[in-house]
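These numbers come from a predicted model, not from an experiment.
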Amino acid sequence: MIRRSDRGATLVESALVLPILILLVFGVVEFGRAYNAQVTLTHAAREGVRELAITQNSSSASTKAVDAAVSLDPTDLTVTASSCTAGTDATLSVSYPFTYDIPLLGSQTITLTGTGVMRCGG
């Protein structure tokens, strides 16, 4: 049984804990979004560098990388591909500006990058 004088203390404790709980929940959600974007960028870079290693065509590799990043805005993707000569490693990087918004902390933009490296064919 709760005494009448304890009701105010419970309300104060809830008011102190609730912002921290909200901060944690939104932080977990935004971390999940960022992790999903990072995995997508890594996949896109892998697909793009595979195309680059096979065809040795950087424009088709860039197109393949952008097409592989289906959950991200293609206009914000930046693809950088190295040259590909037989026997050397080709590198393709895909960058994306990710904006997160956490209540009480505000929003910021960070740049996520996925990189793929593969040996060029002859």
Worksheet item: Within a strict 4.5 Å, meaning less than it, do heavy atoms of the Val49 and Thr91 side chains meet?
Response: no
Worksheet item: With a 4.5 Å limit on heavy-atom distance, are the side chains of Ser95 and Leu77 in contact?
Response: no
Discussion item. Counting only heavy atoms not in Arg50 (residues, nucleotides, ligands), do more than 12 fall under 6.0 Å from its CZ?
Written reply: no
Worksheet item: In terms of hydrophobic clusters joined by side-chain contacts under 4.5 Å, are Ile54 and Val94 together?
Response: no
Discussion item. Taking side-chain hydrogen bond (donor to acceptor under 3.5 Å, both in side chains) as the cut-off, I'd like each qualifying pair that reaches into residues 74-85, sequence neighbours left out, listed once.
Written reply: Asp73-Thr75, Thr85-Thr88
Discussion item. Please find the pair of heavy atoms, one from Gln56 and one from Ala86, that lie closest to each other, and give the distance.
Written reply: NE2-N, 4.2 Å
Discussion item. Any non-hydrogen side-chain atom of Tyr96 less than 4.5 Å from a side-chain atom of Thr111?
Written reply: no
Discussion item. Is there a path of hydrophobic side-chain contacts, each under 4.5 Å between heavy atoms, that joins Leu105 and Ile110?
Written reply: yes
Worksheet item: So among Val70, Leu112, Leu72, which one has a side chain to side chain contact (heavy atoms under 4.5 Å, CB included) with Thr40?
Response: Leu72
Worksheet item: Between Leu92 and Val79, does a side-chain contact (heavy atoms from CB on, under 4.5 Å) hold up when you go through it step by step?
Response: CA-CA 7 Å; Leu92 187 130; Val79 180; 4.0 Å; yes
Worksheet item: Which heavy-atom pair separates Ala65 from Ala44 by the least distance, and what is that distance?
Response: O-CB, 3.3 Å
Worksheet item: How close do Thr99 and Ser107 get, heavy atom to heavy atom, and via which atoms?
Response: CG2-CB, 4.5 Å
Item to complete: Mind listing the closest non-hydrogen atom pair of Thr113 and Gln38 along with its distance?
Response: O-NE2, 2.9 Å
Worksheet item: What heavy-atom pair brings Ala90 and Cys84 nearest, and what distance separates the two atoms?
Response: CB-SG, 4.0 Å
Item to complete: Quick one: pull up CG in Leu18 and CG in Leu23 and give me the separation to the nearest 0.5 Å.
Response: 11.0 Å
Discussion item. Rounded at 0.5 Å granularity, tell me how far CZ in Phe31 sits from CD1 in Ile102.
Written reply: 11.0 Å
Discussion item. Let me check something: do Val29 and Ile20 share a hydrophobic cluster, defined by ILVMFWY side-chain heavy atoms less than 4.5 Å apart, either directly or through other members?
Written reply: no
Worksheet item: Does one hydrophobic cluster hold both Leu41 and Tyr100, with members joined at side-chain heavy-atom distances below 4.5 Å?
Response: yes
Worksheet item: How far apart are the closest heavy atoms of Glu51 and Ser60, and which atoms are they?
Response: OE2-OG, 3.6 Å
